Every structure is written in structure tokens, then in C-alpha cells.
Protein chains: 2
Amino acid sequence: MTDGVKLSDQQYQLMQALWHLGEGSAKTVQTQLSHLGLAHTTVATILTRLEKKGVLISRTEGRERIFVPTVSEGEVRRSMVSSLVGTLFKGDDRQLLAHLVKESDLQQNDLDEIQKMLAEAGND
Amino acid sequence: MTDGVKLSDQQYQLMQALWHLGEGSAKTVQTQLSHLGLAHTTVATILTRLEKKGVLISRTEGRERIFVPTVSEGEVRRSMVSSLVGTLFKGDDRQLLAHLVKESDLQQNDLDEIQKMLAEAGND
DNA sequence: GCACTCCTTCTACAGCTGTAGTATCCGAAT
DNA sequence: ATTCGGATACTACAGCTGTAGAAGGAGTGC
């Protein structure tokens with residue numbers, strides 16, 4: 001479904017930590033993201049909001065609350081990319097492709113690689 | 001520069017109207033976007049905020065205020081795409097390309113077209 | 001059992017966005 | 001000059017995000 005999950009940068013970071021961990025408490029996540037320098041209460045707040053948003057659920061385990069993603073990173077990526085494509089390119093993925101090809105500083109070997117991918121995609 | 005212009009959907013719509021028009025008053029923009037059903041005051045508010053944000057400037061002409069974009073659609077696209085790539089793919093454009101190739105429902109002729117583009121890009 | 005510690009939940013606030021009503025201002029017509 | 005009409009500016013409010021302090025609750029060690 002294009003259920004339109006859309007996360008802010010920060011929110012995505014947190015989810016990413018959870019995707020890597022599989023699951024985890026606010027504390028665990030905060031530790032994992034210590035480079036961001038967020039207070040643990042901040043992390044907890046964001047996680048709570050993400051739960052309200054439906055992208056994760058939590059269970060209480062002893063005195064800890066364990067958060068578990070309910071959507072995969074792939075799903076979120078898909079819907080975020082297609083949302084952007086919707087806004088910027090009238091929903092036409094190919095226009096984004098074209099944009100990337102034009103704007104990216106692609107090296108020849110990148111191109112080769114991509115062409116290989118395209119060739120494989122064509123064989124589906 | 002990667003000055004990071006980031007617009008919301010709505011804001012992008014308005015800018016798009018201005019890009020098409022070249023320039024225009026709040027009224028003109030609202031008319032152009034009548035399908036969105038926004039009050040003209042709403043359009044004016046958003047335009048004012050966009051000016052504060054620096055993506056357009058305005059000049060007063062008689063009793064009208066004319067808004068003129070200061071950034072091009074291309075620039076905004078570039079920075080929005082690269083912002084998303086930053087968040088979702090650690091800044092690696094090729095990963096977005098790969099994502100698109102995998103996720104998009106590309107037809108063979110799309111692929112041909114893109115491969116042609118890639119070939120051309122390679123000749124720069 | 002009691003205090004200590006750790007974790008969570010509640011509350012708070014500022015900034016941004018979506019949305020629009022009301023007030024104001026200024027040019028134009030009479 | 002006086003009023004009318006249209007355009008803008010000001011104000012408002014709700015919802016979302018970033019951020020975090022303060023308060024509360026529940027193990028754990030003594």
C-alpha cells in the first residue's frame with residue numbers, strides 16, 4: 001500500500017537505529033545514536049510519537065519499554081521516495097531517474113553498474 | 001551550493017505556480033491553483049512565509065504585491081532530492097538509483113530510454 | 001523494608017505549517 | 001472629497017516536530 005508513511009530526518013534516524021537493532025528500549029536507541037547528542041527523554045518522546053503514528057509498537061518488559069518497528073525500512077523508503085516523486089515529478093519515477101542521471105556526478109563505472117542493473121530488471 | 005532549500009508539498013505547489021508564471025501576485029497564484037481550493041489569504045500567508053524563507057522576493061506595484069522566485073525549480077529539486085538521499089541513502093545517489101530500478105514498475109521502453117540517457121551522460 | 005537508581009511518562013515551550021478571518025489601506029470612480 | 005472594491009497585512013489557532021526538565025514508578029541492594 002501507499003499508506004504514506006512520512007518521517008522527518010530525526011524520526012528516520014531513530015527508526016533506523018531500531019531497524020538495525022531489531023528492537024530496543026529508549027535507552028538502547030539513545031546509546032546507539034549518541035553521536036546525535038539527544039537527551040534520552042527526547043528519544044523517548046520521539047519514540048512515543050512514532051508509536052502514535054503507527055510505525056512501531058511497544059511492549060513493557062520489567063521496567064523497560066521495548067520498541068519494535070512495524071514497518072520495514074524498505075516500505076518507508078518506498079513511500080518517502082514516491083511521496084517526493086509525487087511532489088517534484090508528478091509521480092513519474094522516470095523523471096527522478098532522469099534527474100539523477102543528469103545531476104549526479106556519476107562515474108563511468110557507476111554507469112556500467114547501473115546499466116547492468118537495468119538489464120537485469122528488464123529480464124523479470 | 002547545497003543551501004538546503006526544503007519546501008513542503010504545499011509550498012512547492014505555490015512555487016511551481018510562480019515558476020510557471022515567472023512572477024505573480026497572490027491573487028494570480030491563487031487563481032492558478034484554484035483546484036486546491038485555498039483561500040486567497042492562505043496563499044498570501046504562504047507566499048509571505050516563503051519570502052521570509054528567502055526563496056522569493058516581492059516588489060510592490062501599485063496596490064499589488066508581485067512575487068518573484070529567487071531560486072529555480074531545478075535548484076529546489078536538486079536540494080530536496082539530495083536531502084532525501086542524505087536521509088535515506090547516506091547521501092549515495094546510486095543507492096537511490098538502485099532503489100528506483102528495483103521498485104519502479106519500469107517498462108522495457110522506459111529502460112531503453114534511460115539506458116540511452118546513461119549512454120549520453122557517459123559521453124560528457 | 002527503605003533508600004537509590006534507572007527508566008518512563010507528563011508537561012512544556014518554541015518554531016514551522018496549514019488554514020483562514022478580520023482589519024486596514026489605497027486607488028478609482030463618481 | 002467620499003465612498004467602494006479589491007489587495008494586503010495582522011492575528012489566530014490547531015497540529016506536528018525538536019528538545020528536554022521534572023515527576024513518578026519499580027526493581028535492587030542493603
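The sequence lines fix the lettering, A, B, ..., with proteins before strands; numbering per chain opens at 1. None of these values were measured; they are calculated from a predicted model.
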Whole Å only: how far is the [atom1] atom of [X] from the [atom2] atom of [N]?
{"X": "A:Arg49", "N": "C:dT11", "atom1": "CZ", "atom2": "C1'", "result": "11 Å"}
{"X": "B:Glu61", "N": "C:dC26", "atom1": "CD", "atom2": "P", "result": "17 Å"}
{"X": "B:Glu51", "N": "D:dT8", "atom1": "CD", "atom2": "C1'", "result": "12 Å"}
{"X": "B:Ile66", "N": "D:dT8", "atom1": "CD1", "atom2": "C1'", "result": "12 Å"}
{"X": "B:Arg65", "N": "C:dC25", "atom1": "CZ", "atom2": "P", "result": "16 Å"}
{"X": "A:Leu50", "N": "C:dT8", "atom1": "CG", "atom2": "C1'", "result": "16 Å"}

Between NZ on residue B:Lys53 and OG1 on residue B:Thr70, distance to nearest 0.5 Å: 12.0 Å
Separation between CD of B:Gln13 and CG of B:Leu36, rounded to the nearest 0.5 Å: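 Output value for this atom pair is 5.5 Å.
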Classify the nucleic acid contact of [X] as base, sugar-phosphate or nothing, counting any heavy atom under 4.0 Å across all strands shown.
{"X": "B:Thr45", "answer": "base"}
{"X": "B:Ala44", "answer": "nothing"}
{"X": "A:Lys52", "answer": "nothing"}

Under 4.0 angstrom between B:Thr42 side-chain N/O and C:dT19 OP1 or OP2: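 No, no such contact exists.
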Any B:Lys53 side-chain nitrogen or oxygen under 4.0 Å from OP1 or OP2 of C:dT17: yes
Positions of residues 7-23 of chain B (non-hydrogen atom under 4.0 Å from DNA chain D), listed by number: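 Result for residues 7-23 of chain B: none.
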Near-strand residues of residues 29-36 of chain A, defined as heavy-atom separation under 4.0 angstrom from DNA chain D: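 Contacts with DNA chain D under 4.0 Å: none.
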Side-chain heavy-atom pair B:Val43, B:Leu33 within 4.5 angstrom cut-off: no
Main-chain N/O of B:Val5 paired to B:Ser79 side chain as donor or acceptor, under 3.5 Å: yes
Pair A:Thr45, A:Thr42: side-chain N/O donor-acceptor within cut-off below 3.5 Å: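 The criterion, which ignores hydrogens and geometry beyond distance, is not satisfied for A:Thr42 and A:Thr45.
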B:Lys27 side chain, from C-beta outward: closest of D:dA20, D:dA7, C:dC7: D:dA7
Among D:dT8, D:dA20, C:dT19, the one nearest B:His40 by side-chain distance: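 Of D:dT8, D:dA20, C:dT19, D:dT8 is nearest to the side chain of B:His40.
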Sidechain N-carboxylate O distance under 4.0 Å for A:Glu103, B:Arg77: no
Upstream residue (5' side of DNA chain D) when A:Thr41 and A:Lys6 are each assigned their closest nucleotide: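 Mapping each residue to its closest nucleotide by heavy atoms, the 5'-most match is A:Lys6.
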Between protein and nucleic acid, restricted to nucleotides 26-30 of chain D and to nitrogen or oxygen atoms under 3.5 Å apart, what atom pairs and distances do you find?
| residue | atom | partner | partner atom | Å |
| --- | --- | --- | --- | --- |
| D:dG27 | O3' | A:Arg63 | NH1 | 3.4 |

